[in-house]
Colleague: 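Below is one structure. I have some questions about it.
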Amino acid sequence: MHDTPRRAEPHAEPHAEPHAEPRADSHAVLQNASERATAYLDGLRNRPVVPAPEAELRLEALVHPLPQQGVEAAEVLRRLDTIGSPATVATSGGRYFGLVIGGALPATVAASWLATAWDQNACFRWTSPIAATLEDVSLQWMRDLLRMPQDVAGGFVSGASMASFTALAAARHALLARQGWDVEARGLYGAPELRVIVGDEVHVTVLKALSLLGLGRDRVIRVPTDGRGRLRAELLPALDDRTIVCIQAGNVNTGDFDPAAEVCRLAREAGAWVHVDGAFGLWALAHRGFDALTQGFTEADSWATDAHKWLNVPYDSGLVFVRNAGDLRAAMSATAAYLAEGDDAARHPSHYTPESSRRARGVEVWAALLHLGREGVADLVARSCGFARLFAESLSKAGYDILNEVVLNQVLVSFGSAEKTRAVIDALQAEGVCWCGGTVWQGRTAMRISVANWATTEADVALSVEAMLRAARRE
Ligand SMILES: *Cc1c(COP(=O)(O)O)cnc(C)c1O
């Protein structure tokens, strides 16, 4: 791959021959895929969230040696649908509340199909002008929506894990460059030491990113958290200009936010770098109603978030933002070309991400933002949080213990002892009306309910509460 900014080849002979036949073969199979996909989505409401055991057994039919001769495209698709579709977990339906998942808005699924047909390589502007443009546009929209500094740089990566990895690489670059050390060229051997501070309830993927970057997952300084899972700013050690502080917007258990205003103020004074893991919680910045929680988060140096969670685009889609564009480019560029690329120059997508060749995942982000608009994103966030409160109120009224203050979209419920709670979760999952996972938070076993899917309705919540109460009374 040559990293030379050049124009796409002009058409030497513009369409010497007009297109002959329409591509009947691709027509049929693509129509067929569209029909099968719509039938799948229509069926989601009436099937259990987890696949039936028989469906998992039928996967055996896919396990065979590579055939000597290939199989017709229509037959490939038929097998995928008849064997594959029943073996999916219905995460795109409205009653999956495990992890923090989100669905895929129809506008984004459709945009993804078209973009897949385009088969663009979003490496450089000249490998795909449309991919590069939609990244530019959606970055500008998100700067605005999430109230980021106007010159913040961004990259489209596979998820929040890679977004934190990318942001922390920029942090590593910036702090070591200030010490006169070129980490991209020289590596970490002999480099000045950096210190990393995290809250005690840091997400494991931030630790994984630190381990991938040679910063070590076990040499972090862990700051205790409070009764809502928030890092206690008053317990931060003294900061300096060789320190990275990782905070979170959206604790994966409680949904709560670290005290960003205080952390960022201390960091700014000391020259430390603040990184925000906002995999889902960053989207709360789109709604003024959450200002008390989100205060100070725009003062950070870098941010990681997911589009495949609360923005409801298909996998895989994460976003990284870095306040100083030069730090991100320096950490991610494969060559020194970024030096020639002034801040106003056209942005090449791969100068902001670990990957070179990749799919044009900005297409779906753009489609979601355009389809929802500013109000639609805010409504999606508010609606999910409203459903979370409804879950908490209904379960609390029935006598069960809600362990967290429900400030966002996450609810932790205990059904009594750890054994009883685990038994209720097992029974609920087996019944299949809805799906929730278990967690242990601050020493207590809980069922975690996470609401982040555009498709969830009030009726879904009611059906799911009934299923939870049924399981709780039976177990
Ligand atoms: C989901 C999540 C991550 C990891 O995101 P991926 O998209 O799975 O890489 C990181 N932090 C938090 C708080 C999360 O909820």
Side-chain angles (χ1 to χ4, degrees), residues 89 91-92 96-104 108 146 154-169 196 198-213 217 220 225 228-231 244-258 260 274-285 290 293-294 297 300 302-321 353-355 358-359 361-362 364-365 368 381 384-385 388 404 407-412 436-439 441 446 448-453:
V89 176
T91 47
S92 51
Y96 186 91
F97 305 107
L99 301 169
V100 185
I101 284 277
T108 70
L146 304 176
F156 292 72
V157 293
S158 57
S161 302
M162 278 314 283
S164 276
F165 170 83
T166 307
L168 290 166
V196 182
V198 301
D200 206 27
E201 296 186 33
V202 62
H203 199 269
V204 287
T205 55
V206 172
L207 299 175
K208 179 169 173 182
L210 291 168
S211 78
L212 291 171
L213 288 162
R217 76 170 88 214
V220 296
T225 47
R228 287 168 50 173
R230 300 173 300 186
L231 174 150
I244 301 169
V245 190
C246 300
I247 58 174
Q248 53 189 0
N251 175 306
V252 78
N253 282 311
T254 63
D256 228 314
F257 288 57
D258 285 338
V274 178
H275 171 64
V276 176
D277 172 9
F280 59 98
L282 205 66
W283 296 96
L285 279 155
F290 297 97
L293 284 179
T294 60
F297 277 92
S302 61
W303 301 262
T305 192
D306 268 318
H308 57 221
K309 288 179 181 170
W310 228 344
L311 192 61
N312 279 262
V313 307
Y315 293 96
D316 43 20
S317 193
L319 297 153
V320 56
F321 300 97
T353 56
E355 303 99 328
R358 65 171 165 84
R359 71 186 195 91
R361 56 172 70 94
E364 298 124 9
V365 173
V381 169
S384 311
C385 296
N404 64 320
V407 294
L408 205 71
N409 63 327
Q410 306 287 104
V411 181
L412 300 176
C436 295
T439 187
W441 179 66
R448 185 169 64 196
I449 307 169
S450 172
V451 192
N453 194 324

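Just so you know, these numbers come straight off a predicted model, no measurement behind them. Just follow the structure's listing: the first ligand is 1, and inside any ligand the first atom is 1.
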Colleague: Check Asp277 against His203 and note the closest heavy-atom contact, atom names and distance.
Modeller: OD2-CB, 3.4 Å
Colleague: Using the rule given for side-chain contact (heavy atoms from CB on, under 4.5 Å), can you reason through Ser450 versus Asn409, listing the C-alpha separation, both sets of side-chain angles and the distance that settles it, and then say yes or no?
Modeller: CA-CA 6 Å; Ser450 172; Asn409 63 327; 3.9 Å; yes
Colleague: For the residue pair Phe297 and Phe257, does the interplanar ring angle fall in the parallel (under 30°), tilted (30 to 60°) or perpendicular (over 60°) class?
Modeller: perpendicular
Colleague: Does the N or O separation between Ser161 and ligand 1 drop below 3.5 Å for any pair?
Modeller: yes
Colleague: For Ala307 versus Val365, what's the shortest heavy-atom pair and its separation?
Modeller: CB-CG2, 3.9 Å
Colleague: For ligand 1, which atoms have a heavy atom of Gly250 less than 4.0 angstrom away?
Modeller: 13 (C)
Colleague: Applying a 4.0 Å heavy-atom criterion (strictly less than), which segment of His308 is in contact with ligand 1: side chain, backbone, both, or neither?
Modeller: side chain
Colleague: Give the residue and atom name of whichever protein heavy atom lies nearest to atom 10 (C) of ligand 1, and the separation in Å to one decimal.
Modeller: Thr205 OG1, 3.1 Å
Colleague: With only distance considered, is Ala279 within less than 3.5 Å of ligand 1 through an N or O on each side?
Modeller: no
Colleague: May I ask which of Glu201, Lys309, Lys208 has a heavy atom nearer to atom 14 (C) of ligand 1 than the others do?
Modeller: Lys309
Colleague: Could you tell me the separation between the CD atom of Gln410 and the CD1 atom of Ile449, rounded to the nearest 0.5 Å?
Modeller: 10.0 Å
Colleague: Rounded at 0.5 Å granularity, tell me how far NZ in Lys208 sits from CG in Leu210.
Modeller: 12.5 Å
Colleague: Under 4.0 Å from any heavy atom of Val252, which atoms of ligand 1 are there?
Modeller: 15 (O)
Colleague: Name the closest protein heavy atom to atom 13 (C) of ligand 1, giving the residue it belongs to and the distance to 0.1 Å.
Modeller: Asp277 OD2, 3.5 Å
Colleague: Non-hydrogen atoms of Gly318 versus ligand 1: any pair closer than 4.0 Å?
Modeller: no
Colleague: So if I count the atoms of ligand 1 from 1 in the order they appear, which ones are less than 4.0 Å from some heavy atom of Gly159?
Modeller: 7 (O), 9 (O)
Colleague: Check this for me, if you would: do Asp256 and Arg228 make a salt bridge, where the nitrogen-to-carboxylate-oxygen distance has to be below 4.0 angstrom?
Modeller: yes
